[in-house]
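Reviewing the structure listed below.
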Amino acid sequence: MKTRFFSCLKTLINTGGQSAASNSTKLLLICAISGTGGVAAYADSNSSAAPKKKQRVLVLGTGWAATSFLKDLDISTYDVQVVSPRNYFAFTPLLPSVTCGTVEARSVVEPVRNIVKKRNGEIKFWEAECLKIDHVNRKVFCRSNIDEDLPGDNSFSLNFDYLVIAVGAEVNTFNTQGVKEHCHFLKEVEDAQSIRRAVIDRFEKAVLPELTEEERKMILHFVIVGGGPTGIEFAAELHDFVHEDLVKIYPSVKDLVSITVIQSGDHILNTFDERISTFAEKKFKRDGIEVLTGHRVMGVTDRKLHMKAKATGEEISIPHGMIVWSTGVGTRPVIKEFMEQIGQGNRRVLAIDEWCRVRGLENIYAIGDCSTLCQKKIMEDITDIFREADTDNSGTLSMEEFEDVIEDVIIQYPQIELYLKSKMLNVSDLLKSMYNGKEEVDIDKFKLALSVVDEQTKSLPATAQVAAQQGAYLSNCFNRMEQCKKNPEGPRKFQSGGGRHEFRPFRYRHLGQFAPLGGEQAAAELPGDWVSMGRSTQWLWYSIYASKQVSWRTRLLVISDWCKRYIFGRDSSRI
Ligand code: FAD
Ligand code: MG
């Protein structure tokens, strides 16, 4: 058990972490490659003597996906430009800690120009928002959000050869009435800072003279809509902040504080293992945090929240002092408009293929929360696969013919592997059941054997883990673009017929997920279906989140914030 614990810890730290130590090693390697000419650059086709022209790579965003892409990109081959309205990278998993001052806002951000500077200024950064993507003319239109009164035009356009869209997502309010006006969100660093100020405001307001007890109770009723990891972590942080720090400085109202979590599903943390949901629900019950499952919020006003019990249809209104809305992600306007342009207008998120390319477009990639990988269904391509595999055109597949393609099929349709894993089978078991003593199988038998695997197709979650892995995958593809054009290393093409794909498709590796539950307790789902809960898991959380910081500077700041909180408690000044 102990060995397994440490091996999981090692895997998590080694694989997912963006440690500064590994950054500097990679940087040295990149410098070495750049110094020796790196990967072959794009040559002007008109003249071999003409200077080599670098391909223009334009990156939209400075979040998880974009910085992970930029971190390892070999810029000796490309002219790289970055556009984002935020001139910093934010370590979002620590935002709930920022809401209550456990960690300071500046400890979780890294200026993007530090990342740019590391590249000797060769990556250009523009602090602006991309408003429109024109994929036909390979151009984007941007507007700077810096003071309009300063001289100069705030709008500009940029051309690209390759575009990497990594603009993330925005909060999804499901068009619920009053949410935008009366709720706090927890998506950006500014949101976390404004929640921190609002919580302290509520306490200062509640202790003012001449308020009734009812009014004080209402002011101190904190409601969290959404029982996913972010909402639950915030509820736990808030509970700790109130009970460890605020009740000591506002003793007169300590019994009037209440925290309610509203969740439309039947359980909180329902993307986690059932044991974790149950553990979290029991812990919240002990802590006095009310959890209302099976309730859908219908509307919000400045004083009340209206909801409906899904089982009974009963409508309920509760008074609140503050609401934090945390119910998943929605599409940004620039992406909506782009989706309309490219015929994806009926979709919720931008569809990409297994090479992170926007479906149907050659030079435009999308990674992170703004995109979703549409896993191809094997049954849609089954005839092409069969035709490609049947090399002797006999109309049937021999076992050798099948064995020759199965590896390429599995690479492109990972649902086969998931299916086999779920049934505890391997490829030879699949072969045995398909051939069942016979020498050849026809298309019907082939279809029948694989018809069940598509049930295993899943879309990837909108997490930093997925975004960072996609960014790293894509930079690796870009770094080897020329090499792989000449020697494709991807699987055999089935639909378009003939040849191989340039690269192996993106494959997500789930490294586990955490849910901090307050009171120095956390729950975690770790690789190998291992579930861990309690104090030791909280220490594992501390070590992993410290190791995953983007720089030594932020790592030290975060650790010192944790120590400060431990010694002095959280700061309750409203600044
Ligand atoms: P983001 O990181 O959101 O970055 C988007 C970037 O695009 C930003 O720099 C933004 O400024 C920029 N941008 C926006 N609009 C434009 C535009 N029009 N033009 C140009 N640039 C633009 N995931 C985990 O795996 N583990 C966790 O513990 C975890 N905890 C979380 C806690 C909170 C509070 C939140 C909000 C999220 C958490 N997540 C976690 C999810 C994770 O943060 C996201 O999945 C991740 O940020 C997605 O990365 P991204 O690069 O797609 O988007
Ligand atoms: Mg044959």
Side-chain angles (χ1 to χ4, degrees), residues 16 58-69 82-99 108-109 112 125-133 140-143 145 164-171 185-192 195 226 228-234 237 324 326 328-329 331-335 337-338 349-350 366-371 386-387 389-402 404 439-443 446 460-471 510-516 524 541 544-545 548:
L58 181 58
V59 181
L60 304 180
T62 48
W64 278 95
T67 48
S68 162
F69 173 74
V82 182
V83 174
S84 173
R86 236 168 51 183
N87 79 348
Y88 56 85
F89 163 81
F91 192 87
T92 46
L94 286 182
L95 286 185
S97 305
V98 174
T99 59
V108 302
V109 299
V112 73
F125 172 71
W126 317 116
E127 189 180 293
E129 189 180 355
C130 168
L131 300 178
K132 188 178 159 68
I133 300 164
V140 299
F141 297 90
C142 310
R143 195 179 56 219
N145 53 8
V164 178
I165 309 172
V167 296
E170 59 180 27
V171 174
F185 300 121
L186 183 45
K187 190 88 185 68
E188 309 286 343
V189 178
E190 292 87 345
D191 297 336
I195 291 176
T230 303
I232 293 306
E233 189 177 344
F234 169 66
E237 274 282 347
V324 173
S326 170
V329 292
T331 316
R332 289 200 191 275
V334 61
I335 299 295
E337 201 273 338
F338 178 54
V349 194
L350 195 54
I367 47 179
D369 284 3
C370 65
S371 65
F386 190 86
R387 192 173 354 94
D390 182 16
T391 43
D392 62 0
N393 292 322
S394 63
T396 55
L397 283 195
S398 67
M399 207 179 267
E400 288 74 40
E401 282 175 329
F402 184 79
D404 189 37
E439 298 222 325
E440 302 271 333
V441 290
D442 60 14
I443 179 107
F446 187 66
L460 296 177
T463 63
Q465 234 184 101
V466 173
Q469 288 184 29
Q470 286 180 326
H510 188 57
L511 302 172
Q513 52 181 348
F514 278 93
W541 182 89
I544 286 173
Y545 279 87
K548 287 197 171 194

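In listed order, ligands and their atoms are each counted from 1.
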Counting only heavy atoms and a distance below 4.0 Å, can you name the residues contacting ligand 1?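 Within 4.0 Å of ligand 1, the protein residues are Gly61, Thr62, Gly63, Trp64, Ala65, Val83, Ser84, Pro85, Arg86, Thr92, Pro93, Leu95, Pro96, Glu129, Cys130, Ala166, Val167, Gly168, Leu186, Lys187, Thr230, Arg332, Val334, Gly368, Asp369, Ala462, Thr463, Ala464, Gln465, Ala467, Tyr545.
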Excluding sequence neighbours, so at least two apart, what forms side chain to side chain contact (heavy atoms under 4.5 Å, CB included) with Thr391?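 Once residues adjacent in sequence are excluded, the partners of Thr391 under the side chain to side chain contact (heavy atoms under 4.5 Å, CB included) criterion are Glu401.
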Between the main-chain N or O of [Y] and the side-chain N or O of [X], is there a donor-acceptor pair closer than 3.5 Å?
X: Arg143; Y: Glu129; result: no
X: Ser68; Y: Ala468; result: yes
X: Ser398; Y: Glu440; result: no
X: Asp390; Y: Leu397; result: no

Heavy-atom side-chain proximity of Asp191 to Val324 below 4.5 angstrom: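 Not touching, per the 4.5 Å side-chain cut-off.
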Between Arg86 and Glu188 (salt bridge meaning N to carboxylate O under 4.0 Å), is one present in this structure?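 Here Arg86 pairs with Glu188 in a salt bridge, since their nearest N and O are under 4.0 Å apart.
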With the threshold set at 4.0 Å, does a side-chain nitrogen-carboxylate oxygen contact exist between Lys187 and Glu170?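 Salt bridge between Lys187 and Glu170, a charged N being under 4.0 Å from a carboxylate O: no.
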Please state whether the separation between the Mg ion (ligand 2) and some N/O/S atom of Asn393 is under 2.8 Å?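 Within the cut-off used here (under 2.8 Å), Asn393 places no N, O or S atom near the Mg ion (ligand 2).
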Could you tell me whether any N, O or S atom belonging to Ser394 is less than 2.8 Å from the Mg ion (ligand 2)?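 Looking at Ser394, which is the residue asked about, there is an N, O or S atom under 2.8 Å from the Mg ion (ligand 2).
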Using only N, O or S atoms, tell me which atom of [X] is closest to the Mg ion (ligand 2).
X: Glu401; result: OE1
X: Asp390; result: OD1
X: Asp392; result: OD1

